[in-house]
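Computed from a predicted structure; not experimentally measured.
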Amino acid sequence: MPWFDQFPWLIALAPFAGLFLSAVVKRRDPAVIGDRVYRHDPPARVSHWTHALGVGFCLVSGIVMGARFTPAFVADGPDAILWMNVHFVAAVSFLFGTFFYLGNTVISRYRFKEHLPTRHAVDYTIRHYGRTIGIKKFSMPPEDKYFESEKVAYIMALACSILLVVSGLVKALAHVVLTLPDAFMNVLTWTHDIAAALMLLFFVAHVFFAVIAPFSWKTFPSMFTGWMPLGEAEKEHKGWLARLAAMGRVEGAPAPVAAPAGEEPSDTGSSQTVSAAVEQGGQ
């Protein structure tokens, strides 16, 4: 028997567990410490990975079982139940991580605000990827903790997550306790599947730019350890360093980090040290 039938209470419990945990955990703010920058604390990493793994396995199992506009790769029977159970476990992880993150953003609203695009989103995104592919005419103003291009993608992921949560919870309720009109369930299923397809596009792009692309390799480990090199932050996140300095979150006095050999200086003229960020943040 599918776990959706055996343990439907886990689907209801996961959001409450995420919200409860967000209320009791202690958060640690980012800071520059010596030659490293503390970027992601444990609660941020837990919410990220439970959400991400939940999304990933939901997408894989959904593709295997088939959507309204794609074929199924398994027939009804034990194989279909197996993948339905995978979908169930992934949905629990997805709901927990999503509501854990939601609780954190309600408690500390600035964490949500720093993900939102600014009026420079389009301009900075064009400049960022222009420089990434080697178009040297693009200069890059100081970026914050998250690139403007990431912030634009965040809006898409947020919208898809809302649609998936709402449609998925209603589908689960309809499977267990509710009797809803077939026409409504058809619309709900189409909504769920279209949102999943859009989330798949975001997920693939996110994995490529955050994990596979060489320019991400110095930052990606922070999603496991919490830390990133100061030199990488000086290179890619000068605006964020300035903001941390202005808030007094700089400990230690590391030596200036020189630009890598053969690399052109940034539009500020030289690699920015923490001391320079302090000066900029104090203006």
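- Cation-pi contact between R39 and Y146: present, with separation from the ring centre below 6.0 Å and deviation from the ring axis of at most 45°.
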Decide yes or no on side-chain contact (heavy atoms from CB on, under 4.5 Å) for V89 and F57, but give the supporting numbers first.
CA-CA 9 Å; V89 174; F57 281 99; over 6 Å; no
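- Distance alone, capped at 3.5 Å, is enough to place a donor-acceptor pair between the E148 side chain and the T118 backbone.
- Using a 4.5 Å heavy-atom cutoff, the side chains of F7 and V92 are not in contact.
- The two atoms that bring G62 and H87 nearest to each other are N-ND1, 3.9 Å, heavy atoms only.
- Counting only distance, with no hydrogens or angles, the side chain of R68 and the backbone of W190 share no donor-acceptor pair below 3.5 Å.
- Separating the CZ atom in R127 from the OG atom in S149 is a distance of 13.5 Å, to the nearest 0.5 Å.
- Looking at heavy atoms from C-beta onward, H192 lies out of side-chain contact with L163 at the 4.5 angstrom threshold.
- Rounded to the nearest 0.5 Å, atoms OG (S47) and CZ (R111) are 9.5 Å apart.
- Both M156 and V207 are part of a single hydrophobic cluster, where members link through side-chain heavy atoms under 4.5 Å apart.
- Looking at every heavy atom in both residues, A80 comes nearest to A75 through CB-O, 3.3 Å.
- Within 6.0 Å of atom CZ in F215, more than 12 heavy atoms from other residues, nucleotides or ligands are found, so the atom counts as buried in its surroundings.
- In this structure, T105 contributes its side chain and L102 its backbone to a donor-acceptor pair below 3.5 Å.
- V166 and L169 sit in two unconnected hydrophobic clusters of ILVMFWY residues. Membership requires side-chain heavy atoms under 4.5 Å apart, directly or through other members.
- Checking E236 against T219 by side-chain atom types alone, no donor-acceptor pair falls below 3.5 Å.
- Using cut-offs of 30° and 60° on the angle between ring planes, the pair F224 and F220 is perpendicular.
- K171 NZ to L164 CG: the interatomic distance, rounded to the nearest 0.5 Å, is 11.0 Å.
- Within the 4.5 Å cutoff, the side chain of E114 has no heavy atoms near those of the K151 side chain.
- A donor-acceptor contact shorter than 3.5 Å is absent between the side chain of D193 and the backbone of A67.
- Of all heavy-atom pairs spanning K218 and E232, the tightest one is CD-OE1, 3.3 Å.
- With hydrophobic clusters built from ILVMFWY side chains whose heavy atoms lie under 4.5 angstrom apart, L158 does not share a cluster with L95.
- Around the CE atom of M185, the shell of radius 6.0 Å holds more than 12 heavy atoms that belong to other residues, nucleotides or ligands.
- Listed here is the closest heavy atom pair of A195 and C160: O-SG, 3.9 Å.
- Distance check: F202 CZ to L59 CG gives 11.0 Å after rounding to the nearest 0.5 Å.
- When side chains are defined from C-beta on, P30 does not count as touching H40, because their heavy atoms never get closer than 4.5 Å.
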Under the criterion salt bridge (Lys or Arg N to Asp or Glu O under 4.0 Å), I'd like the reasoning laid out for R45 against D41: C-alpha separation, chi angles, the key distance, then a yes or no.
CA-CA 6 Å; R45 303 199 298 271; D41 66 349; over 6 Å; no
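- Ring-centre distance between F94 and H51: below the 6.0 Å cut-off.
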Full working for salt bridge (Lys or Arg N to Asp or Glu O under 4.0 Å) between R36 and E251
CA-CA 10 Å; R36 298 189 299 169; E251 302 176 19; over 6 Å; no
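- Applying the salt bridge (charged side-chain N to carboxylate O under 4.0 Å, His left out) rule to E150 yields no partners; only residues at least two apart in sequence or on another chain are considered.
- A distance of 15.5 Å separates OH of Y101 from CZ of F96, quoted to the nearest 0.5 Å.
- Across F184 and V170, no two heavy atoms sit closer than the pair CE2-CG1, 4.1 Å.
- Considering all non-hydrogen atoms of both residues, K238 and E234 come closest at CG-O, 3.0 Å.
- For the pair R28 and Y38, the cation-pi criterion (under 6.0 Å, within 45° of the ring axis) is fulfilled.
- Looking only at atom types and distance, the side chain of D144 has no donor-acceptor partner in the side chain of Y124 under 3.5 Å away.
- When side chains are defined from C-beta on, I81 does not count as touching W3, because their heavy atoms never get closer than 4.5 Å.
- Criterion: ILVMFWY side-chain heavy atoms under 4.5 Å apart, direct or through other members. Under it, V204 and F209 are part of a common hydrophobic cluster.
- Contact of the W227 side chain with the S222 side chain is not registered, since no non-hydrogen atoms from C-beta on lie closer than 4.5 Å.
- Side-chain atoms of H237 come within 3.5 Å of backbone atoms of K145 as a donor-acceptor pair (strictly under, hydrogens ignored).
- Using a 4.5 Å heavy-atom threshold, the side chains of V152 and V122 count as separate.
- With D79 contributing its side chain and V74 its backbone, the two residues share no donor-acceptor pair below 3.5 Å.
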Take F88 and I11, measure what side-chain contact (heavy atoms from CB on, under 4.5 Å) needs, and give me the verdict at the end.
CA-CA 8 Å; F88 173 83; I11 295 295; 3.7 Å; yes
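- Side chain of W217 to main chain of I212: a donor-acceptor pair is present (N/O by atom type, distance under 3.5 Å, no hydrogens or angles).
- Two different hydrophobic clusters hold L10 and V46 under the rule that ILVMFWY side chains link at heavy-atom gaps under 4.5 Å.
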Could you go step by step and tell me if F112 and Y154 meet the side-chain contact (heavy atoms from CB on, under 4.5 Å) rule?
CA-CA 10 Å; F112 177 66; Y154 171 80; 3.2 Å; yes
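- The OG1 atom of T189 sits 10.0 Å away from atom CG of D182, with the distance rounded to the nearest 0.5 Å.
- Within the 4.5 Å cutoff, the side chain of Y110 has heavy atoms near those of the D29 side chain.
- Other residues, nucleotides and ligands contribute only 12 or fewer heavy atoms inside 6.0 Å of the CZ atom of F16.
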Output, in order, the C-alpha distance, side-chain angles, deciding distance and verdict of side-chain contact (heavy atoms from CB on, under 4.5 Å) for F99 and L21.
CA-CA 9 Å; F99 279 83; L21 186 61; over 6 Å; no
